[in-house]
Each structure stands twice: as C-alpha cells, then as structure tokens.
Amino acid sequence: MPAASSRTTAVSAVVTAALAAGLLTGAATTSASASTTADAPVRIHDIQGSTRISPLAGRQVDGVAGIVTGVRTYGSKGFWFQDPQADADPATSEGIFVYTGSAPTVAVGDAVTVSGTVTEYVPGGLDSGNQSLTQISKPTVTVVSSGSALPAPVRITSRSVPSRYTPEGDPAAGGSINALPLRPSRYALDHYESLEGMNVEVGTSRVVGATDAHAELWVTVKPHENDARRGGTVYGSYTSQNTGRLQIQSLVPLAQQPFPKANVGDVLSGTTEGPLDFSQYGGYTLTARTMGTVVDRELRRETTRKQRDGELAVATYNVENLDPGDPQEKFDALAAAVVDNLASPDILALEEIQDNNGPKDDGTVAADRTVEKFIDAIRAAGGPAYDWRSIDPEDKKDGGEPGGNIRQVFLFNPERVSFTDRAGGDATSATEVVRERGRAALTVSPGRIDPANPAWESSRKPLVGEFAFRGRPVFVVANHFASKGGDESIFSQHQPPTRSSEVQRHAQAETVNTFVKKLLNAQKNADVLVVGDINDFEFSGTTKALTAGNVLYPAIKSLPRSERYSYVYQGNSQVLDQILTSPSIRGFHYDSVHINAEFADQNSDHDPQVIRFRP
C-alpha cells in the first residue's frame with residue numbers, strides 16, 4: 001500500500017482530473033465546507049452520490065455521523081462507518097471508508113462523527129485506469145458512544161447481482177463510466193459500486209479462485225454462471241464477464257486468525273460478512289469481519305494418459321522462473337508432475353527456464369545447470385533420460401525477472417524421438433525455411449524466428465526445432481509471448497478496458513504465423529505445432545492472428561467449454577497456454593492437465609498442456 005504522502009498526491013491528482021473533466025459540481029473546491037445544507041448535516045449518502053465520483057470530492061465535511069462496521073489495522077489503515085438511516089435511492093451507498101494512515105482508535109460498533117476531506121483514491125494509481133474509492137481523508141473522529149448494533153448487512157446473491165456486467169463508457173469522457181448515473185439493478189459493477197463501503201454478506205458460496213500468497217480467495221454467488229467442470233468459473237469471451245465473482249479478504253490479523261486455505265471447487269460455508277472495499281488487485285472485495293468455514297471438496301490433480309503405440313506426445317509447461325537456486329523440492333515436484341501427471345511426453349517445451357544463477361544480474365546467460373538439474377530430477381522420479389536443446393538469449397534482452405534471462409527449452413526422449421541438429425543457431429540469427437528432397441526443413445535447428453523483429457523487444461524469441469518421429473519430420477515452435485502487464489483490469493473505469501499489451505502480442509503472432517506459412521508453402525502437409533505460454537485467450541485477437549489463413553488451429557477449442565482453461569486469475573478460469581496445430585494434424589487428443597492453477601499449493605501458476613497424435 002502507498003504511504004500517506006503518495007496517497008495524498010494521488011487523491012489530489014484524481015480530484016484535479018475530475019474537476020477538469022467536469023465530473024464534480026462547480027461548487028466543489030478543496031477549501032469549501034459542506035458541513036450542512038440549509039436543512040440538514042451532510043450524510044454519507046450525500047458524499048457517495050449516485051455516480052462513481054463523489055459530488056463533494058475535494059470538499060471539507062463536518063460532523064458526518066455513522067456506526068463503525070470494520071477496522072483495518074494493516075495496509076491502507078482506516079475504518080468503515082455506515083449511516084443506519086438509509087435514503088430511498090438504491091444508487092447511493094450508505095457506507096464509506098475513512099483513511100487514517102495509522103492504526104485507528106475506534107472499534108466496531110462505535111457511533112462516531114467524522115470531519116475531514118472527501119477524496120477519490122485510485123488504487124494502483126491514475127495510470128492503472130482503475131475506478132476510484134470514495135473516502136474521507138485527514139479525519140477528525142469523535143466517538144459518541146460504543147456498543148451500537150451494526151446496520152444489517154446487504155446480502156449479495158445470484159438474484160441481486162445483475163447478469164449484465166457494466167455499461168459502456170462515455171466516449172466524450174474517454175470511455176470512462178465514472179460520470180454515468182449508477183444503475184444497480186441493471187449492471188453488476190453498478191450494483192457493487194452502490195454498496196461501496198457498506199456492510200455486506202455472502203452466504204455459502206463456491207470458491208473459484210484458490211487462496212493466494214496474499215491471503216485472498218475468490219467466490220462466486222452465481223454457481224451456474226459459466227461453471228467449469230472442476231468447480232471454477234470459465235472466462236469465455238470479452239463480452240460474457242462472470243458477474244458473480246467476489247474477492248474475499250479478512251480484517252482479522254493473520255497472526256490472530258490464519259486465513260483459510262481453499263482450492264477451486266471448495267465451499268466457503270456459512271456467512272461471510274464485512275465492509276465492501278475496492279482493491280487494485282481484484283476490484284470489489286468483501287473485507288470480512290466474520291469468515292465462513294472452508295469445506296474441502298477434495299479437488300485432485302489430474303493425470304493424463306500415456307501415449308499409445310504410434311502416438312507422439314508433445315507438451316508445454318511454464319515452470320515459473322526455475323533456476324538452480326530454487327529448493328530441490330520445487331525441482332522434484334515439477335519432475336514428478338512430468339512423469340506422473342504428464343505421463344512423460346516425448347517432447348516437452350518449457351517456458352521460464354532461468355540462467356544458471358537465476359535473478360543474480362552478473363551477465364550469466366547459460367542455463368545448462370538449470371536444465372540438467374531438472375532432467376536429473378525427472379530421472380530420479382522414474383522418467384526418461386531426456387536430452388535437450390535451447391538457445392541462450394542475450395543478457396537482459398528477453399524480459400522476465402531481472403537478471404533471470406528466461407528462455408524456452410526443448411526436452412525430448414531420445415528413445416522415442418530424434419532431434420535434427422542444424423548448426424548455426426544463436427541469439428541473434430534467424431532460422432529460415434528451405435525445401436529439401438520435397439520436404440520443408442530449417443536452415444538452423446534449434447533456431448530462433450526473426451529475433452531482430454521489433455515485435456520481440458524485451459520479450460522471449462520463439463524457439464523452433466526440427467524433430468523426427470518414426471521417420472517423419474515434426475516442427476515445434478516454442479513460444480512465450482509478451483505478458484499482459486499494463487492492461488487495464490476488467491473492473492476498470494474505462495469500459496471496455498484498454499488492453500495495451502496485446503499490440504505487441506498481435507505483432508508476435510503475425511510473425512509466427514508468417515513463419516508457419518513458409519513451412520506449409522515448402523510442404524503443404526508439414527506437421528507443425530505452435531506451443532507455449534501465449535499469454536492470451538483462445539478467443540483473442542492474438543489467437544486470431546496466429547491462425548490467420550487457417551494455417552493453425554487452437555487445439556484447446558476441441559475441449560468442451562467447461563474445460564478450456566490453463567490459468568486462474570481473479571476467479572476467472574482462462575486460457576493462456578496453448579498448442580496450435582497445422583492442418584495435417586488430425587485426430588489428435590488434447591488435454592489441459594489441471595495440476596496447479598486451481599490449487600492453493602502450486603508448483604507453478606500454469607497448467608501444462610498435452611497433445612497426442614499420429615504423424
């Protein structure tokens with residue numbers, strides 16, 4: 001959380017921006033007082049107003065009354081209080097956060113009056129595009145009495161949350177929804193915004209995002225909304241948002257009450273109650289005073305079947321910044337997954353293999369120690385003696401964790417498949433496609449695809465290798481496209497949100513697509529697999545660019561919709577990892593092997609993908 005000084009700067013900036021955009025009333029200034037109107041003192045619903053920006057933003061308010069409903073003593077310190085006498089407008093919230101900057105001296109149940117400045121705080125900063133949180137800053141707090149009954153919580157249910165996610169932003173305001181009147185009975189984001197700061201509750205709900213390292217989990221109040229086969233909620237398009245998702249945190253310090261550990265598909269049973277907050281890492285968040293009980297539904301890690309005689313098994317797995325400094329337990333767990341859960345595929349494309357000293361930034365780029373340590377762990381787990389091929393990147397040129405120099409690596413079982421070595425591959429040289437004896441071939445294998453192309457700036461360059469299985473060539477392109485860093489969230493103030501990162505991925509996809517077309521021009525029936533962490537959805541523009549001209553097919557689309565995911569983010573089960581096939585690869589069997597993304601205990605944050613076919 002930001003310090004008070006940076007937070008004040010952000011607040012001032014958003015007020016200035018709101019004034020400039022005409023989102024505040026003309027009377028609003030940082031010096032004006034709004035302690036009373038002609039008839040009555042300012043109430044919390046007057047501050048919250050019926051849009052996302054307070055009509056009193058930047059103004060001083062005095063003697064605002066309410067009952068304390070939650071106290072936060074960590075992170076962004078402060079408390080929530082709520083007016084027990086609601087107005088008749090469902091768009092105006094009756095609760096608000098008071099930012100104190102230090103541990104609050106009030107307690108839940110205190111009746112208080114608060115004076116201070118109404119501010120709009122944007123979690124994550126103005127550049128994040130996030131919605132703002134209306135709050136009172138620099139407060140003076142008077143405790144009138146203690147032990148008051150709390151306002152009855154508003155119950156968030158499948159019926160109360162609309163099926164439409166959000167209105168479209170106002171083009172005249174740059175696509176922002178900030179100034180639009182809230183319609184809480186029509187849009188889910190408006191419904192949650194109308195409850196910002198209020199005491200809310202959810203009943204027994206299914207967990208759709210496992211407990212993470214920051215003591216958070218996700219539930220859905222809509223159990224049938226795009227439900228995944230194993231208990232999650234599938235994110236299937238930009239226009240079918242999952243409206244029932246809600247992030248859960250706890251107001252109780254972890255030292256006093258550990259946060260419950262839950263996997264996707266578990267149930268948060270009973271009532272979870274507390275103020276509704278807004279977080280940069282998940283949007284609307286129920287900050288629980290009282291937490292339900294996790295019921296373990298015994299989700300198990302999946303195991304794919306062994307390839308049959310004549311089948312080639314190819315897999316892709318993001319092993320999350322693996323380097324020799326990681327505990328042996330991580331190598332052993334990842335290796336056991338390769339052997340037991342992935343059934344020892346013939347070819348395995350790995351992403352996020354770091355150099356020999358991991359994040360230490362000393363110019364090291366070789367990764368032979370990392371790879372050999374992993375291969376040894378696989379053998380110790382009962383797997384094959386894999387051989388491997390890769391190309392070391394230039395130092396600090398491929399993005400990822402600073403100093404780590406992540407890259408893609410091919411492992412292959414030499415008892416089942418051979419690698420066609422063609423010398424000359426290095427970080428800056430491009431491999432090309434030629435025709436030899438009526439077949440497509442690479443000039444360099446392993447090689448990199450067009451590494452000087454600006455599309456790969458500060459990003460991993462595709463690694464392509466020529467393999468042979470039972471005498472038939474198979475080309476595998478291992479990818480790790482640019483991340484989604486910099487994109488606005490789905491709960492952004494801009495609707496639809498800006499996805500700035502996809503510009504680079506589109507260019508990367510076009511480059512790979514062009515290379516695949518060269519292979520197919522040289523040999524129409526060439527077997528080509530494009531695999532890896534594509535960092536984008538199966539319905540995305542990136543995937544459309546990869547498949548342009550019908551040269552590739554996203555094989556995950558062969559699965560039922562309820563099984564199309566490799567990653568869980570903010571309660572959305574979604575596709576980031578893919579295997580795409582050339583037209584000659586028919587009758588394949590595809591498996592997204594769910595062993596990580598749905599679990600609180602993870603060896604990686606990605607699920608590996610496997611395809612089996614007969615070349």
Side-chain angles (χ1 to χ4, degrees), residues 69-75 108 150 153-158 160-161 192 195 199-235 242-277 279 281-302 333 562 565 567-574 594-607:
T69 58
V71 177
R72 185 160 59 199
T73 58
Y74 61 88
V108 171
L150 300 189
V154 176
R155 195 169 183 88
I156 299 174
T157 69
S158 60
S160 71
V161 180
Y192 292 127
L195 301 175
N199 191 34
V200 300
E201 69 175 15
V202 295
T204 297
S205 304
R206 192 177 74 245
V207 175
V208 293
T211 302
D212 63 20
H214 305 288
E216 301 161 339
L217 60 80
W218 288 78
V219 300
T220 182
V221 298
K222 295 186 176 183
H224 302 297
E225 184 180 47
N226 300 318
D227 52 320
R229 181 176 61 84
R230 288 165 55 85
T233 300
V234 174
Y235 182 56
N242 293 307
T243 60
R245 296 170 307 110
L246 196 63
Q247 185 173 229
I248 306 293
Q249 296 177 344
S250 176
L251 289 178
V252 182
L254 299 182
Q256 180 179 333
Q257 177 181 297
F259 195 79
K261 180 180 289 188
N263 297 324
V264 168
D266 288 348
V267 171
L268 188 62
S269 181
T271 298
T272 299
E273 179 184 343
L276 189 66
D277 195 24
S279 162
Y281 301 112
Y284 295 101
T285 300
L286 198 165
T287 52
R289 289 189 321 275
T290 59
M291 181 83 71
T293 303
V294 171
V295 178
D296 185 358
R297 290 298 176 89
E298 299 184 348
L299 186 71
R300 295 292 177 258
R301 289 175 165 83
E302 289 187 331
S562 63
Y565 59 94
Y567 195 83
V568 178
Y569 181 67
Q570 295 180 349
N572 277 322
S573 297
Q574 56 194 240
H594 303 304
I595 61 176
N596 288 316
E598 300 167 311
F599 295 89
D601 294 325
Q602 300 179 339
N603 300 314
S604 167
D605 48 353
H606 292 252
D607 287 333

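In this text, all values refer to a predicted model and were calculated from it rather than measured experimentally.
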> Quick one: closest heavy-atom pair of Val264 and Gly231, and the distance?
CG1-C, 3.7 Å
> Pick one: which of Asp227, Thr233, Val208 meets side-chain contact (heavy atoms from CB on, under 4.5 Å) with Asn242?
Thr233
> Got a sec, which residues hit side chain to side chain donor-acceptor pair (under 3.5 Å) with Glu201, two or more places apart in sequence or on another chain?
Arg155
> Return the CG to OG distance between Leu286 and Ser250, rounded to the nearest 0.5 Å.
10.5 Å
> Compare all side-chain heavy atoms of Pro275 with those of Leu251 and state whether any distance is below 4.5 angstrom.
yes
> Output the distance between atom OG (Ser160) and atom NZ (Lys222), rounded to the nearest 0.5 Å.
8.0 Å
> Do side-chain atoms of Asp607 reach the backbone of Asn596 as a donor and acceptor pair under 3.5 angstrom?
yes
> Do you know which two heavy atoms are closest between Asn603 and Ala333, and how far apart they sit?
OD1-CB, 3.3 Å
> What pairs of residues pass the side chain to side chain donor-acceptor pair (under 3.5 Å) test when at least one of them lies in residues 252-263, not counting sequence neighbours?
Lys261-Asp601
> Would you find a donor on one side and an acceptor on the other, under 3.5 Å apart, between the side chain of Glu273 and the backbone of Pro153?
no
> Taking the side chain as every heavy atom from C-beta outward, state whether Val202 and Leu246 have any pair of such atoms under 4.5 Å apart.
yes
> Rounded to the nearest 0.5 Å, what separates atom OG1 in Thr243 from atom OH in Tyr192?
6.0 Å
> Nearest heavy-atom pair of Gly232 and Ser573: which atoms, and what distance?
CA-OG, 4.0 Å
> Can you tell me how far the CZ atom of Arg245 sits from the OH atom of Tyr284, to the nearest 0.5 Å?
12.5 Å
> Do the two ring centres, one from His594 and one from Tyr565, sit under 6.0 Å apart?
yes
> To the nearest 0.5 Å, what is the distance between CG on Asp296 and CG on Asp266?
5.0 Å
> For a quick test of reading the model, state the closest non-hydrogen atom pair linking Asp605 to Ala597 and the distance between them.
O-CB, 3.9 Å
> Not counting sequence neighbours, list each pair that qualifies as a side chain to side chain donor-acceptor pair (under 3.5 Å) and has a residue in residues 206-218.
Glu216-Gln249
> Are any non-hydrogen side-chain atoms of Arg72 and Asp277 less than 4.5 angstrom apart?
yes
> Measuring from Thr285:OG1 to Gln247:CD, what's the distance to the nearest 0.5 Å?
4.0 Å
> Please name the pair of heavy atoms, one in Gly270 and one in Thr204, separated by the smallest distance, quoted to 0.1 Å.
N-OG1, 2.9 Å
> Would you say that Arg297 contacts Val207 through its side chain, given a criterion of any heavy-atom pair below 4.5 Å between the two side chains?
no
> Using every non-hydrogen atom in the two residues, find where Ile156 and Val161 come nearest and quote the distance to one decimal.
CG2-CG2, 3.6 Å
> Between Thr272 and Thr290, is there a side-chain heavy-atom distance shorter than 4.5 Å?
no
